[in-house]
Protein chains: 2
Amino acid sequence: MSLHDQLREIALTEFASAGYAATSLQRIADLAGTSKASVLYHYASKEQLLADAMAPALDELTAIVSGIGDVAADRAQRIAFLERFVDALLAHREVVHLIVNQSATQQDVPAFARAQALMRELSEAFELAAGSTLEKLRYGIALAGAAYTLAASDLLGLDSPPVDEIRPALNTVLRELLAPESKD
Amino acid sequence: MSLHDQLREIALTEFASAGYAATSLQRIADLAGTSKASVLYHYASKEQLLADAMAPALDELTAIVSGIGDVAADRAQRIAFLERFVDALLAHREVVHLIVNQSATQQDVPAFARAQALMRELSEAFELAAGSTLEKLRYGIALAGAAYTLAASDLLGLDSPPVDEIRPALNTVLRELLAPESKD
DNA sequence: CCGGATTTTGACCGATCGGTCAGAACCTGA
DNA sequence: TCAGGTTCTGACCGATCGGTCAAAATCCGG
């Protein structure tokens, strides 16, 4: 793999585990066995390195949220959305960790601002779908809980089960909350 | 109110909204209309200022988690715990925001390490209570979702409903997930 | 009014960070 | 072998930060 790609992967892992602000370019360079100046040759700035590392996940999540459909009325569409959402969370756990744990306090960084805008778009879509405070909370708890639990499991040192065990369980819990059989 | 107490409140609000690392002692001093050196006269260090600001909430949460009881078998105890938990979340929203959004990436800061240990203790208590992956996820989603949704609602610019509307709704959703009538 | 204790302040320090730059090293095709 | 582009590097810069310190200002009981 090229140094260019290797730097992006190392940076993503470090940003997710130690934090964007707390990860210096020098540390990324050390982990890659190169110099800080070399990192800045491949990526114009630290912000650009983060943006490139998060881009694939953000692109995919943006597509999913954009094509959310009429999630209010149609249970089938709700289930389809949840499935796509869960798949994306599992496919991009490091970026999910970044979004969930750091976008809140780093809105001056473009990539985090983009993530924050995405979360706002998602929550607004469900805000419209939900009538009562109770229902809004259900949406919030379900989606945020899924993302956060996934992101935190690594961190808390919990031995997380394999993906093909988490995926169906996640789908089950989300359906219990947002697409129960009794409804629609 | 004394400058000592005022500094703690200003710091807590800034730490929660802008982030601990991103909030300089100079900014706290400016907001309080005093000098940076004065802040460091009242609090030995930035870390100590954070620790003092978070202490009341952490103490209360620690007490709740310690007295968690046999949450596995007894539905009544589970409901009692959830009620205390929700009350604490609502009473200390700013600290909850801090814990949820920043403790992950600041474990070298003692107060955040303490928060992290608390979360681990809580998750381990439920880890024992839960038999299957599905049940573990239910606990994770419920508790993390409640905390994160509460913390994020301020941030995303959502107009959050008044507390006496959120409290019963939160309790309802958590009971649906963790203490359904059908069980026990 | 005085004197000791408390509180406040500006100047300063060392460390760290992201980023710049000129040149060295390296690779590649003619 | 040589030339031109690509990649890499160490030295350096300006800014910011948390924290120190001695001196000034303020407060308060006798």
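In the text below, chain A, chain B and the rest are named by the order of the sequence lines, each starting its count at 1.
Closest to the side chain of L40(A), from the set dC8(D), dT9(C), dG19(C), is dG19(C). Residue A37(B) places its side chain closer to dC21(D) than to any other of dC17(C), dC21(D), dT9(D). Comparing atom distances between the S24(A) side chain and each of dC17(C), dG19(C), dT8(C) picks out dC17(C) as nearest. The S35(A) side chain lies nearest to dG10(D) when the options are dT6(C), dG10(D), dT9(C).
Side-chain atoms of E14(A) and T23(A) form no donor-acceptor pair, as typed in the model, at a separation below 3.5 Å.
Look at CG on L25(B): it is 16 Å from C1' on dC12(C), rounded to the nearest Å. The nearest whole Å value for the distance from the NE2 atom in H42(B) to the C1' atom in dT8(C) is 8 Å. Following rounding to the nearest Å, Q106(A) (CD) and dC17(C) (C1') show an atom-to-atom distance of 14 Å. Across the protein-nucleic acid pair, L3(A) atom CG and dT9(D) atom C1' stand 13 Å apart, rounded to whole Å. Here dC17(C) presents its C1' atom at 16 Å from CD of E14(A), a figure rounded to the nearest Å. Per the geometry, OH belonging to Y41(A) stands 12 Å off C1' belonging to dC26(C), to the nearest Å. Whole-Å rounding puts the Y43(A) OH to dC8(D) C1' distance at 16 Å. We find that CD of E47(A) is positioned 17 Å from P of dC17(C), with the value rounded to whole Å.
Exactly one residue among R78(B), R167(B), R175(B) makes a salt bridge (charged side-chain N to carboxylate O under 4.0 Å, His left out) with E83(B). That residue is R175(B). Of the residues listed (F85(B), F81(B), F126(B)), the one engaging Y139(B) in a ring-ring contact (aromatic ring centres under 6.0 Å, His included) is F126(B), and it is the only one.
No donor-acceptor contact under 3.5 Å links the side chain of K46(A) to the base of dG19(C). Residue-to-nucleotide contacts include no donor-acceptor pair under 3.5 Å from the side chain of K36(B) to the base of dG10(C).
Rounded to the nearest 0.5 angstrom, L137(A) CG and L177(A) CG are separated by 11.0 Å.
Counting any heavy atom pair closer than 4.0 Å across all strands shown, S2(B) reaches no nucleic acid atom.
Closest-nucleotide positions on DNA chain D for G33(A) and Q26(B) were compared, and the one nearer the 5' end corresponds to G33(A).
With respect to D5(B) and R8(B), a salt bridge is recorded, a charged nitrogen being found less than 4.0 Å from a carboxylate O.
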